Amino acid sequence: MKFGVVVFPGSNCDADCYHVVKEVLQQPVEYVWHQNSSVAGFDCLILPGGFSYGDYLRVGAIARFSPVMGAIQEFVERGGLVIGICNGFQILMEAGLLPGAMLRNDSLQFRCHPTYLRVEDNTTPFTNQCQPGQVLRIPIAHGDGNFFADAKTLAEIEANGQVVFRYCTPVGEIIPEANPNGSLNNIAGICNRGRNVLGMMPHPERCAEAILGSEDGRLIFVSLLKWWESGGFDGK
Amino acid sequence: MFKANIHVTLKKSILDPQGTAVQKALHSLNYVNVTDVRLGKYFEVQLDAPDRAAAEAQVREMCERLLANPVIEDFTFELVEV
């Protein structure tokens, strides 16, 4: 399974994602510069976190117009797997590949600490190696992670089962105290209707090995691999 | 040549935590009559356009495509001939 890690000017978690795919998953991986207008040959694309050059105006706003985003749009339409982490999630929303937008954290603080996420759906390509309702411990690091969608869109996201992760307590309760940024309905990650695009604010690549204090993030990458191996993606 | 003065603000229905923080700061300076503060962005965009209507259409398009995110923001602008 060949992975591509998209690099925007200012991406700063690209090397972490590359490392996880190469060393932990033991799969082929290449960086994809944002000026590339082709993503041919890849089975899964990762839009990593970092302060890519959207923040000058609005998170993800400028990155969304990079040439690679046109290729990613087509890749998604063909059923290709895309995961956007943190700033990658923000870019996917600006590009219209995922619904909603990110507001400044309601605390106004940059939040950088471990969070607990409840897996709301373990049948997606991104979570099939998780147990139903499993609680994962994965860190966040963001200032603009307050998920917002208008009431109609939010209702659709919920009704279509697009909420993949919610911030929760260590035992899985979805309560305001477990919400680090003010996100509506404690939403930490959503997928598109086709279920081949995931956006999540927490950083699974930062906790995919025991040496980092948690291996929970590994489950997301292993899920992608299992799903692909079972023939889940035939977008070539 | 035209200059567009563009204001982008969070939609009224969206809570503005930055505005609330500034309001609290104003209250602590004793401006207790301040009942609401909202923060936004201000752009000055100069552009060459054949006439006012063309400039207006372009500025509107810029706002819709890039300068504002219609999911969370509203925009207004005025055009000045320079």
Side-chain angles (χ1 to χ4, degrees), chain A residues 52-66 69-70 73 87 89-111 142-157 176 179-185 187 190 192 199, chain B residues 2-29 31 34-49 55-79:
Chain A
S52 71
Y53 60 144
D55 285 19
Y56 314 143
L57 171 65
R58 193 176 61 243
V59 286
I62 294 174
R64 165 250 187 288
F65 289 103
S66 286
M69 292 308 295
Q73 178 99 40
N87 191 221
F89 183 10
Q90 294 161 340
I91 295 168
L92 290 172
M93 285 188 291
E94 281 284 337
L97 289 167
L98 288 171
M102 285 300 174
L103 298 167
R104 183 69 58 94
N105 293 349
D106 63 351
S107 63
L108 295 177
Q109 295 167 335
F110 185 93
R111 303 297 296 269
H142 59 244
D144 297 76
N146 180 353
F147 179 80
F148 174 84
D150 62 45
K152 181 170 169 283
T153 307
L154 183 65
E156 282 172 11
I157 293 169
N179 190 337
N181 50 34
S183 291
L184 288 174
N185 297 5
I187 287 172
I190 55 171
N192 64 339
Chain B
F2 292 90
K3 193 176 99 180
N5 301 321
I6 304 167
H7 289 271
V8 175
T9 51
L10 280 177
K11 286 184 173 177
K12 289 236 157 42
S13 55
I14 293 178
L15 213 67
D16 178 358
Q18 282 171 288
T20 308
V22 173
Q23 182 181 356
K24 280 185 190 152
L26 287 170
H27 282 180
S28 71
L29 294 174
Y31 298 106
V34 174
T35 57
D36 192 31
V37 178
R38 295 183 68 82
L39 266 66
K41 296 189 190 98
Y42 172 63
F43 301 84
E44 290 182 357
V45 176
Q46 292 219 27
L47 70 163
D48 208 352
E56 197 173 310
Q58 266 203 317
V59 170
R60 186 172 302 282
E61 192 182 288
M62 289 175 204
C63 289
E64 285 165 355
R65 291 186 68 198
L66 179 66
L67 302 182
N69 178 344
V71 177
I72 49 174
E73 293 169 328
D74 288 326
F75 65 86
T76 57
F77 64 88
E78 53 164 12
L79 269 184

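As the structure is a prediction and not an experimental result, all values here were calculated from the model. Below, read A as the first sequence line, B as the second, and so on, with proteins coming before strands; counting in each chain starts at 1.
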| said: For a quick test of reading the model, state the closest non-hydrogen atom pair linking B/Phe2 to B/Ala55 and the distance between them. | reply: CD1-CB, 3.8 Å
| message | So which atom in B/Ile72 and which in A/Ala101 form the shortest heavy-atom distance, rounded to 0.1 Å? | response | CG2-CB, 3.7 Å
| query | Does B/Glu78 have any side-chain hydrogen bond (donor to acceptor under 3.5 Å, both in side chains) partners at least two apart in sequence or in another chain, and if so, which? | reply | B/Asn5
| Which atom names give the shortest non-hydrogen contact between B/Arg60 and B/Phe75, and what distance separates them? | O-CZ, 4.1 Å
| field | Sub-4.5 Å side-chain heavy-atom contact between A/Phe148 and B/Leu10 | value | no
| message | Is A/Met102 in contact with chain B via its backbone, its side chain, both, or neither, using a 4.5 Å heavy-atom distance? | response | backbone
| query | Looking at B/Leu67 and B/Val8, what are the two nearest heavy atoms and their distance? | reply | O-CG2, 3.9 Å
Just list the donor-acceptor pairs under 3.5 angstrom between chain B and chain A, please.
| unit_1 | atom_1 | unit_2 | atom_2 | d |
| --- | --- | --- | --- | --- |
| B/Lys41 | NZ | A/Leu57 | O | 3.2 |
| B/Leu66 | O | A/Arg58 | NH1 | 2.9 |
| B/Leu66 | O | A/Arg58 | NH2 | 3.2 |
| B/Leu67 | O | A/Arg58 | NH1 | 3.2 |
| B/Asn69 | ND2 | A/Glu94 | OE2 | 3.1 |

